[in-house]
Undergrad: 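Just dropping this structure here.
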Amino acid sequence: MQLGLVGLGRMGFNMRERLRAAGHEVVGYDRNPDVSDAASVAEMVEKLAGPRIVWIMVPHGDPTRQTIEELSGLLSAGDLVIEGGNSKFTDDQANAALLAENDIKYVDVGVSGGVWGAKNGYGLMAGGDAEDVERALPIFDALRPEGPREEGFAHAGPVGAGHYAKMVHNGIEYGLMQAYAEGFELLAASDVVTDVPATIKAWSKGTVVRSWLLDLLVRALDEDPELSELRGYVQDSGEGRWTIEEAINNAVPAPVMTAALYARFASRQEDSPAMKAVSALRNQFGGHAVQKSEG
């Protein structure tokens, strides 16, 4: 198949390579001319034969909305736009409605796999009409991992379902990473275990906590056994927040994912105002010792 691909960053570039390796023709556009196959989105569209398929892999929010708006004026009736970034699922209805004004189809796809996807394949969760998803199946099959389709691809539901599924996936990811991180810290704080990296590596086979995330932690510890080269400062992409918002909206208890998100917030505070208040209260009611700030 032939495909236009807007956004050739860490994910988009590797996706283009995997698609080409599978025999698909990909015309990519990126603001970086060193990796772009076209000088503009318009030129990329001109190089595609109709009916066209264009996949968007740019940051969520304004960059995605602006790209959708630009494509709505360049594509023709019957063309298909696939939005594969990390957009909030509520944006998909607006994107689909804008494109539908010109009878352009829309599918949203949650994509998981990170920088390893080029080699291992990507987990894909699609949202949209069945006929639009079916039309793009050769592309999805090239991107997903080898093996049964259902183990790496799902048509999750109507427009918005793909990004909703990816949002929940990332909320789970937050919780898993936090659990591994807390286990690492406890092992490192104890004087009972003397080889923390070896202990964690021993969990890689045969244990119930084995996973690809654990393998990646083992890899990180092989490179830096005490993680001394890193700061304990963790950003969040937004999907963890959206997951918790949806848990609240649906009255679904999600204590693990919520705590993991809050732990990321705490990682960014060098001197927590909340903990200052706790220290002050302990001193006020119990006369407990406090540590004065420097300066």
Side-chain angles (χ1 to χ4, degrees), residues 1-76 79-88 91-92 95 98-99 104-128 132-133 135-145 152-153 162-163 166 169-170 235 237-239:
M1 295 186 71
Q2 187 185 53
L3 175 73
L5 181 58
V6 181
L8 300 171
R10 287 178 299 176
M11 291 281 284
F13 182 90
N14 286 339
M15 290 169 64
R16 179 177 65 175
E17 299 311 297
R18 187 172 176 89
L19 286 165
R20 285 177 172 173
H24 298 293
E25 179 187 351
V26 183
V27 181
Y29 168 73
D30 194 89
R31 290 181 299 176
N32 178 2
D34 294 336
V35 299
S36 189
D37 304 313
S40 65
V41 173
E43 182 179 305
M44 179 202 72
V45 170
E46 289 175 3
K47 291 184 176 184
L48 301 174
R52 307 173 185 89
I53 299 179
V54 176
W55 190 306
I56 301 173
M57 285 299 291
V58 301
H60 65 78
D62 288 340
T64 293
R65 282 190 287 271
Q66 291 164 5
T67 303
I68 293 286
E69 290 172 1
E70 184 174 7
L71 286 171
S72 71
L74 295 171
L75 296 176
S76 304
D79 290 346
L80 171 64
V81 171
I82 301 173
E83 208 290 86
N86 285 331
S87 290
K88 192 172 184 179
D91 292 344
D92 291 314
N95 292 338
L98 176 63
L99 293 169
I104 301 166
K105 309 300 183 180
Y106 181 86
V107 169
D108 59 284
V109 179
V111 182
S112 180
V115 297
W116 296 88
K119 177 182 178 181
N120 299 332
Y122 301 88
L124 304 171
M125 300 137 269
D132 297 328
V133 173
R135 175 179 166 189
L137 269 182
I139 295 169
F140 299 145
D141 282 341
L143 289 172
R144 66 174 176 81
F153 171 82
H163 283 143
K166 178 58 163 48
H169 165 282
N170 278 29
Q235 284 285 10
S237 62
E239 288 168 305

Undergrad: Working note: D91 + H60, criterion side-chain contact (heavy atoms from CB on, under 4.5 Å); need CA distance, chi angles, decisive distance, verdict.
TA: CA-CA 9 Å; D91 292 344; H60 65 78; 5.8 Å; no
Undergrad: Return the minimal non-hydrogen interatomic distance between E83 and Y106, and the atom names on each side.
TA: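 It is CB-OH, 3.3 Å.
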Undergrad: Is there any side chain to side chain donor-acceptor pair (under 3.5 Å) pair reaching into residues 11-21, and which pairs are they, with sequence neighbours excluded?
TA: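 Listed by first then second residue: R16-D37, R20-D37.
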Undergrad: Hey, is the main chain of G127 close enough, under 3.5 Å, to the side chain of H163 for a donor-acceptor pair?
TA: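 Answer holds: no.
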Undergrad: So which heavy atom on P33 is nearest to which on R31, and how close?
TA: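 Where P33 meets R31 most closely, the heavy atoms are CD-O, 3.1 Å.
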Undergrad: Please test L8 against N32 for side-chain contact (heavy atoms from CB on, under 4.5 Å), starting from the C-alpha separation and ending with a verdict.
TA: CA-CA 8 Å; L8 300 171; N32 178 2; over 6 Å; no
Undergrad: Listed by chain and number, what are the side-chain hydrogen bond (donor to acceptor under 3.5 Å, both in side chains) partners of S112, not counting sequence neighbours?
TA: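 With sequence neighbours excluded, S112 shows a side-chain hydrogen bond (donor to acceptor under 3.5 Å, both in side chains) to H169, given in chain and number order.
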Undergrad: Parallel, tilted or perpendicular for W55 and F140, by the 30°/60° rule?
TA: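 Because their plane-to-plane angle is over 60°, the rings of W55 and F140 count as perpendicular.
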Undergrad: Provide the closest heavy-atom pair for M44 versus V27 in the form atom of the first, atom of the second, distance.
TA: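 Minimum heavy-atom contact is CG-O, 3.5 Å.
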Undergrad: Looking only at heavy atoms, which two atoms of S36 and A38 are closest? And how far apart?
TA: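 Scanning both residues, the minimum pair turns out to be OG-O, 2.5 Å.
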Undergrad: So, for Y122 and P145, which heavy atoms are closest and what is the spacing to 0.1 Å?
TA: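 Heavy atoms of Y122 and P145 come nearest at O-CD, 3.1 Å.
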Undergrad: Using the side chain to side chain contact (heavy atoms under 4.5 Å, CB included) rule, pick out the option among D79, L80, L48 that qualifies with V54.
TA: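 It is L48; the other options fail the test.
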Undergrad: Salt-bridged, D62 to R65, with N to O below 4.0 Å?
TA: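 Yes, this pair counts.
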Undergrad: Passes side-chain contact (heavy atoms from CB on, under 4.5 Å), L137 versus F153? Steps please.
TA: CA-CA 10 Å; L137 269 182; F153 171 82; 3.8 Å; yes
Undergrad: Shortest non-hydrogen contact from G9 to D30?
TA: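 That would be N-OD1, 4.0 Å.
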Undergrad: Determine the sole option in V107, V109, I82 for which the side chain to side chain contact (heavy atoms under 4.5 Å, CB included) test with V133 is passed.
TA: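 Single pass found, and it is V107.
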